[in-house]
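Reading through the structure tokens given below for one structure.
All chains are named by letter (A, B, ...) in the order of the sequence lines, taking the proteins before the strands, and each is independently numbered beginning at 1. Just so it is clear, the values below take in all heavy atoms, side chains as well, and ignore hydrogens, waters and symmetry mates. Predicted model only: the values in this text are computed from it and were never measured.
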Number of protein chains: 2
Amino acid sequence: MLSKEPGSPLDESKPPHSLRHVAQLAGVSVATASRVMSGSSHPVSERTRQQVLSAAESLSFVPNRLARALVTARSHTVGVIVHDISDPYFGDIVKGLEDGIHAEDYQLFVANSDRDPEKELNYVRAFDANQVDAIVFAASSLTDPDYADTLQKLATRFRGRGGAIVLLSDHLLEGPRVLFDNHRAAADMVGYLAGRGHRRIGYISGPPELEVSHVRLAGFNAAVAELGLGAGPEYIADGKFTLEGGGAAIPKLLDRVDVTAVLAANDLMAIGATRQLLSMGFAVPDDISVAGLDDIPIAEYGPVPLTTMRVPTYEIGRAGASLVLQALGDDVPADIRLAGEIVVRESVSSIGPPA
Amino acid sequence: MLSKEPGSPLDESKPPHSLRHVAQLAGVSVATASRVMSGSSHPVSERTRQQVLSAAESLSFVPNRLARALVTARSHTVGVIVHDISDPYFGDIVKGLEDGIHAEDYQLFVANSDRDPEKELNYVRAFDANQVDAIVFAASSLTDPDYADTLQKLATRFRGRGGAIVLLSDHLLEGPRVLFDNHRAAADMVGYLAGRGHRRIGYISGPPELEVSHVRLAGFNAAVAELGLGAGPEYIADGKFTLEGGGAAIPKLLDRVDVTAVLAANDLMAIGATRQLLSMGFAVPDDISVAGLDDIPIAEYGPVPLTTMRVPTYEIGRAGASLVLQALGDDVPADIRLAGEIVVRESVSSIGPPA
DNA sequence: CGCGCTCATGTAAACGATTGCCACGGCAAC
DNA sequence: GTTGCCGTGGCAATCGTTTACATGAGCGCG
């Protein structure tokens, strides 16, 4: 086993170096080279190990992950499906997810469904074809009938192969999930408002077709009841999840009750409400306070910097990563529930101390 | 759905179906099955083709892309490196890129460098190990000395393997690139302002350390000179690329010249300037107009909806995709220069017609 | 001195596709 | 009736790894 054989027939015709080249240069078999490069538990003498290492170094050898994946049946890749990667909400989630799995040397495929069922299914197939170890659904499932069916089939198939599925929102598929507690978010915000002295709080709810609207509304109602604040349908108006929706709700609300604060089911509506209030001559927060939910980027830059509740998007991604890693490590991951965090800005004032 | 053929020697021990299973079920060789499934140019009779197709269908066969990649030396994957995927700027680019390559059935790996040279290099290595066909650098190269060196080496290696490199910003690496014309952006905006009658325009420049500051400033100066507008150092103030930076520049500017409009090198500064103007008692745009550059999401929601120039981020991504595809198709891609587009909102007014 | 261990290494068979080359049957041309 | 080509299809090598199994050296111990 001489390492210095002259004229060893190294095939230099193909530039990228494979394990074979490393082995040859180190004067060992491919198997041995593999064992040291892959950190196998199989024993290798220190001397040999060093030889291989330095050979690899001098050839600047980079192992082919695909070849490895082929035999180990683990690609060390994860695919995530988002509705729209240009939306910072998903951007943040993806960032957290990526950070989390990167720490364990996984790579992330990103797919944009644009909320198109067909497209989403195709991505699942593509991920499957690419042998990803896990698929993460960052958003809720879509509501197409055929879609549900096909997705179930694909999921079963994928799991049969040993793939893990993780959900970061409500979803028709089963699997470990991380959930943001929307009920609690609304309730906590009511609690905050009450803590600042508000006892008549109006609520601008989201469109009833959306599940999240119901949950947040329920949270609002529950808190209001528990704290003995002003309650009843007259305190509630609903609108679309838009600037205009929030604005339009204000007159309706103000016609019916005399509130000192308004909570909107999302920030866009809260900002719309603020604008409307301002244009009607109310001072925010001095006459009426406004709070939102979500903490979208513009919350800080609206007409009045908005007090709202941050949805921990990055943390959702991180939590998702940890579920993925657990699932792939043969643990049985438990669902993760995340709470929001109130970010205080300038749109809520205190009402005279109860003292 | 169990196969109804009695006693066919199908190896049912491994659930996921491979080409072997398909071939067996169709009663042909693996080679033939492959030719059908991969759309090879090798002729296959129509009858056989149908048999294979229906076998594949009934097993819901999904080809293993990794195996294919191993032999074809093409993984059909692309890696993109961004500074921060949660930044909508990069989110948009990634979206465009993804849309573009997805159309040709490529998958996208996303990596977040967090502007950390070490991390970025590791991602390049990881992409290499994963045999991506192309690496896209969405942002400018970092300024670490060792980094530049190592990156060059890695790039050379990667290209030696047949990999393509595409740049979406200024970069130390060579390669096809898509560039946003910053010089022209500033100049065009000056043109727009001049068109609305402004002849004394102040400019809030960015920090001199940044290349982009110089380019935009040059664009401003060039336009102002060409159009014969008020010019000279007194028309220019610089600040950090922040809200505060923009605000602080206003008094300096106003002390020296009497302007009818202010152009800021980015939107954040423009918004900061607007706030400052407002708080000093000026009406925007009636007393002084303000324009920005970039069209960030909050531009629309600032104190006064900002007239600015949209950087075509999505299009940059798309253009990047097209460069990638060209490069992988053995074309020699030419650089792509993209211009911005003025989005008119409410922060700029016309000054009395020259008539 | 030989038995059985452990440790280190090598041999070769996978993994799941693609593809160069060969084989075979039919058919037209000579 | 050969010859040769064309249209099909199979055989087997290959891509770059990992890993089960075999091999062989060295060593302690009875």
Side-chain angles (χ1 to χ4, degrees), chain A residues 1-3 10-11 13-52 55-56 59 61-76 128-131 133 161-162, chain B residues 10-11 13-52 55-56 59 61-76 128-133 161-162:
Chain A
M1 206 168 308
L2 318 170
S3 52
L10 201 74
D11 181 359
S13 67
K14 17 191 83 166
H17 302 294
S18 76
L19 252 197
R20 271 206 358 265
H21 302 267
V22 174
Q24 206 151 136
L25 182 58
V28 301
S29 74
V30 177
T32 301
S34 166
R35 293 198 259 256
V36 357
M37 295 313 294
S38 69
S40 153
S41 67
H42 196 100
V44 173
S45 77
E46 193 48 33
R47 214 172 83 77
T48 311
R49 173 179 310 276
Q50 290 309 330
Q51 281 169 23
V52 172
L59 295 179
F61 169 73
V62 175
N64 184 327
R65 299 280 218 125
L66 304 191
R68 175 190 305 213
L70 197 55
V71 20
T72 60
R74 279 279 177 239
S75 64
H76 257 239
D128 194 9
N130 277 287
Q131 313 294 112
D133 294 339
R161 241 202 40 221
Chain B
L10 202 74
D11 180 358
S13 65
K14 14 193 85 164
H17 302 294
S18 74
L19 251 198
R20 273 208 353 270
H21 301 266
V22 174
Q24 206 151 137
L25 181 57
V28 301
S29 73
V30 178
T32 300
S34 165
R35 295 198 257 253
V36 171
M37 298 311 296
S38 68
S40 152
S41 66
H42 193 97
V44 173
S45 76
E46 195 47 34
R47 213 172 85 75
T48 312
R49 173 180 308 277
Q50 290 309 330
Q51 281 169 27
V52 172
L59 295 178
F61 168 73
V62 175
N64 185 326
R65 299 279 220 128
L66 304 191
R68 176 193 303 219
L70 197 54
V71 20
T72 61
R74 278 280 178 237
S75 64
H76 258 238
D128 194 9
N130 276 287
Q131 312 293 113
V132 301
D133 294 339
R161 240 202 42 223

message: Quick check on C:dA8: is either OP1 or OP2 less than 4.0 Å from any side-chain nitrogen or oxygen of A:T48?
response: no
field: Nucleotide D:dG7, atom P - distance to CZ of B:R49 in whole Å
entry: 14 Å
- request: In whole angstrom, give the distance that lies between atom CG of A:L66 and atom P of C:dG16.
  value: 15 Å
- request: Using side-chain contact (heavy atoms from CB on, under 4.5 Å) as the criterion, list what pairs up with A:L66, not counting sequence neighbours.
  value: A:N64, B:L66, B:A69, B:S75, B:Q131
task: Give the minimum heavy-atom separation between B:F61 and B:L19, together with the two atoms involved.
output: CE1-N, 3.4 Å
query: With sequence neighbours excluded, what pairs up with B:T72 under the side chain to side chain donor-acceptor pair (under 3.5 Å) test?
result: none
message: Rounded to the nearest 0.5 Å, what separates atom CG in A:L59 from atom CD in A:Q24?
response: 10.0 Å
task: Rounded to 10°, tell me the angle between the two end axes of the helix from C:dC1-D:dG30 to C:dC30-D:dG1, each built from five pairs.
output: 60°
task: Send over the distance from A:H21 NE2 to D:dG16 C1', rounded to a whole Å.
output: 10 Å
query: Where each residue is assigned the nucleotide of DNA chain D containing its nearest heavy atom, which of B:G27 and B:L70 is assigned the position nearer the 5′ end?
result: B:G27
field: Pairwise distance OG(B:S18) to CZ(B:R20) - rounded to 0.5 angstrom
entry: 4.5 Å
- prompt: Roughly how many Å is it from CZ in B:R65 to P in D:dG16, rounded to a whole number?
  reply: 20 Å
message: Going by side-chain contact (heavy atoms from CB on, under 4.5 Å), name the residues that satisfy it together with B:A26, two or more places apart in sequence or in a different chain.
response: B:V28, B:Q51, B:V52, B:A55
- request: Check the distance between D:dG16's P and B:N130's CG and give it to me in whole angstrom.
  value: 16 Å
Taking only nitrogen or oxygen atoms into account, show me every contact under 3.5 Å that the protein makes with nucleotides 25-27 of chain C, one pair per line with its distance.
none

Only pairs under 3.5 Å count here: list side-chain donor-acceptor contacts from residues 31-43 of chain A, not counting sequence neighbours, and write none if there are none.
unit_1	atom_1	unit_2	atom_2	d
A:T32	OG1	A:S29	OG	3.3
A:S38	OG	A:S34	O	2.8
A:S40	OG	A:H42	N	2.9

Please write out the pairs of protein N or O atoms and N or O atoms of nucleotides 17-22 of chain D separated by less than 3.5 Å, giving the distance to one decimal.
unit_1	atom_1	unit_2	atom_2	d
D:dT17	OP1	A:N64	N	3.1
D:dT17	OP2	A:L19	N	2.7
D:dT18	OP1	A:R68	NE	3.1
D:dT18	OP1	A:R68	NH2	3.4
D:dT18	OP2	A:S34	OG	2.5

task: For B:Q51 and D:dT8, give me the distance from atom CD to atom P, rounded to whole Å.
output: 14 Å
Please enumerate all protein N or O atoms sitting under 3.5 Å from an N or O of nucleotides 4-7 of chain C, with distances to 0.1 Å.
none

message: Whether the side chain of B:D133 engages the backbone of B:H76 through a donor-acceptor N/O pair (distance < 3.5 Å, no angle test) should be reported.
response: yes
message: So, using side chain to side chain donor-acceptor pair (under 3.5 Å) as the criterion, who are the partners of B:D128 when residues are at least two apart?
response: B:R157, B:R161
query: In chain order, what residues pass the salt bridge (Lys or Arg N to Asp or Glu O under 4.0 Å) check against A:R68, with sequence neighbours excluded?
result: none
